[in-house]
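The next block holds one structure in the form of structure tokens; read it before the comments.
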Amino acid sequence: MARARRAFEAWRHVSAADRGRLLRRLADGIDGRREQLARTEARNAGKPIADARGEMEMVAESFAYYAGAPERLTGKTIPVEGGVDMTFREPLGVCALIVPWNFPLVILSWKLAPALAAGNAAVVKPAELTPLSALALVDIAREAGLPDGLIEVVAGKGSVVGRRLVEHPDVAKVAFTGSTEVGRGIAAGAAQTIKRVTLELGGKSANVVFADADLSAAAAAAPMAVFGNAGQDCCARSRILVERPAVDDFLAAMRDVVRGLRVGDPLDEATQMGPLISAGQRETVAAFVPDDRHVAFRGSAPDGPGFWYPPTVLYPVDRHDRAVAEEIFGPVAAVLPFDTEAEAIALANDTIYGLSGSIWTRDGARALRMARAVEAGTLSVNSNTSVRVGTPFGGMKQSGIGRELGPDALEAYTEVKNVYFSTA
Ligand code: NAD
């Protein structure tokens, strides 16, 4: 903390152009080590190497995007009587960045890039199971010429290291991604010293498919929107709501895709889904499906060592079943039929969460009505992708507070200062 604090005092006075230049060099450094970082991440988190490569591209892109930010962090002048009024976007200080194990480096980059661009220093707390890529990033930052102490990594337990950062008087802000349960404790802990907080928490997102949609496209895309990263994705569209007349065709098309998914060794180039992160996670996931009563179909999973769990689709299943109501964070999807647009909206919003979701229809007006009515921060229409470096990402309701990525993220790493200058 002391090193980060010192680094902050120097970094905030580095010119905006130089901060931008250094962040661009960091982006280039990451780009140059992409393959090595991807292999580290794939082996540490058990994710398919092809996915890990995509993530490392996004990590480099995040730093490149926010390299343009320091010179654009402008204030305002506001007309007032008797003088001039101006605003500044001041950095906060040392930010504690606490990240989960499912997308270790990519989620860190969403926080670190805007934090540094705005003139802050960072102390990073990676997840217990996946500290390796964050540690590698510090070396790359040093080689790129970023000052020592600007990015400190403290690996360790959330209940020890994470908690200390939340309580620490020298931490100005906590940016957290993780479970809603831990997020609640962080918000409460941060309140003691009125720290700024952004929270990216859990989800139980709906993928709403109307009968007039391109059903084969929707059914082809739905499996990886849940089973990507073995379902360990806060945006997993794990509740698939299908208009009743389309249910049978949709399930038939989805079954073929799910049975064809390549589940296996993360380092195999062809693998689409790897194992779960840990034995504990596999136990948690399995408890949501105690028997095969509601299982419509499953994909494959290798035998032998590894925390394997096959991609699993539940249908029919009661909307109040735990597997439908709670975040599973594993490769389990539930299909629920609906009869009207109003029922689709009610079902989609029937959750404490509000992170992400999709709407599939060929009716443009309905797509817009649905997009406004669904209580989620990050939606897509006729697509399941909603995370891009240049656009805001974050949750409504108990999925979180604040937005990452895009132009909005900088607001969460700056404070507006107002200065009145008398001309009398
Ligand atoms: P987690 O909440 O258990 O842990 C996240 C991080 O918080 C880890 O680094 C952990 O060590 C730390 N931590 C744990 N207890 C702490 C405490 N008392 N004080 C401070 N820090 C503490 O989450 P996880 O199991 O690593 O990740 C899975 C969860 O993350 C899921 O609920 C998922 O939906 C959520 N998630 C959300 C997003 C998003 O952007 N909204 C993205 C990825 C994951």
Side-chain angles (χ1 to χ4, degrees), residues 44-47 55 58 62 96-111 123-135 153-168 171 173-192 195 197-205 226 228-238 276-278 280-285 288 326-330 351-357 376-378 386-388 392-406 409 412:
N44 197 175
K47 62 174 69 222
E55 287 173 27
M58 191 183 203
S62 297
L97 313 181
I98 304 178
V99 294
W101 43 257
N102 57 339
F103 298 104
L105 196 58
V106 94
I107 286 178
L108 173 56
S109 72
W110 300 355
K111 299 177 184 340
V123 176
V124 176
K125 213 299 275 172
E128 289 86 332
L129 295 172
T130 54
L132 300 181
S133 52
L135 290 164
V153 175
V154 189
K157 280 190 165 193
S159 55
V160 180
V161 178
R163 194 163 158 197
R164 178 64 183 136
L165 288 175
V166 171
E167 290 168 354
H168 202 293
V171 169
K173 183 224 164 91
V174 181
F176 170 77
T177 297
S179 59
T180 294
E181 196 187 338
V182 173
R184 278 189 202 107
I186 287 182
Q192 298 308 310
K195 288 184 177 49
V197 181
T198 42
L199 303 172
E200 296 286 357
L201 308 175
K204 188 75 187 176
S205 298
V226 198
N229 213 42
Q232 304 165 125
D233 182 342
C234 51
C235 288
R237 283 138 167 93
S238 53
L276 294 169
I277 184 87
S278 64
Q281 188 66 13
R282 182 168 63 175
E283 239 170 73
T284 305
V285 172
F288 280 94
E326 296 174 27
E327 182 181 49
I328 299 177
F329 227 56
T351 165
I352 60 164
Y353 299 113
L355 187 56
S356 191
T378 319
S386 41
V387 182
R388 291 175 178 77
F393 172 73
M396 290 181 172
K397 304 201 286 190
Q398 293 189 38
S399 283
I401 298 174
R403 293 294 176 267
E404 302 198 301
L405 298 173

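In each ligand, atom 1 is the first atom listed, and ligand 1 is the first ligand listed. One is the number of the first residue; the rest follow in order along the sequence. The shown structure was predicted, so the numbers you read here are calculated from the model rather than taken from an experiment.
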Would you say atom 25 (O) of ligand 1 touches the protein, meaning some protein heavy atom is under 4.0 Å from it? yes

Show the numbers, then the answer: is there a side-chain hydrogen bond (donor to acceptor under 3.5 Å, both in side chains) between Arg237 and Ser386? CA-CA 11 Å; Arg237 283 138 167 93; Ser386 41; 3.0 Å; yes

For [X], the ligand 1 atoms whose distance to one of its heavy atoms is below 4.0 Å:
X      : value
Pro100 : 26 (O), 27 (O), 43 (C), 44 (C)
Ile107 : 42 (C), 43 (C)
Phe393 : 40 (O)

Nearest candidate to [atom], where distance is taken over non-hydrogen atoms, out of [options]:
atom                    : options                        : value
atom 29 (C) of ligand 1 : Ala127, Ser356, Ser179, Gly183 : Ser179
atom 17 (C) of ligand 1 : Ala96, Gly162, Gly158          : Gly158
atom 41 (N) of ligand 1 : Asp233, Leu201, Val124, Thr130 : Leu201
atom 5 (C) of ligand 1  : Val160, Thr177, Val166         : Thr177

For atom 32 (O) of ligand 1, what is the closest protein heavy atom, and at what distance to 0.1 Å? Glu327 OE1, 2.8 Å

Rounded at 0.5 Å granularity, tell me how far CG in Leu199 sits from CD1 in Ile186. 7.0 Å

Counting only heavy atoms closer than 4.0 Å, does ligand 1 sit against the backbone of Asn102, its side chain, both, or neither? side chain

For ligand 1, the portion of Phe329 having any non-hydrogen atom under 4.0 Å away: side chain

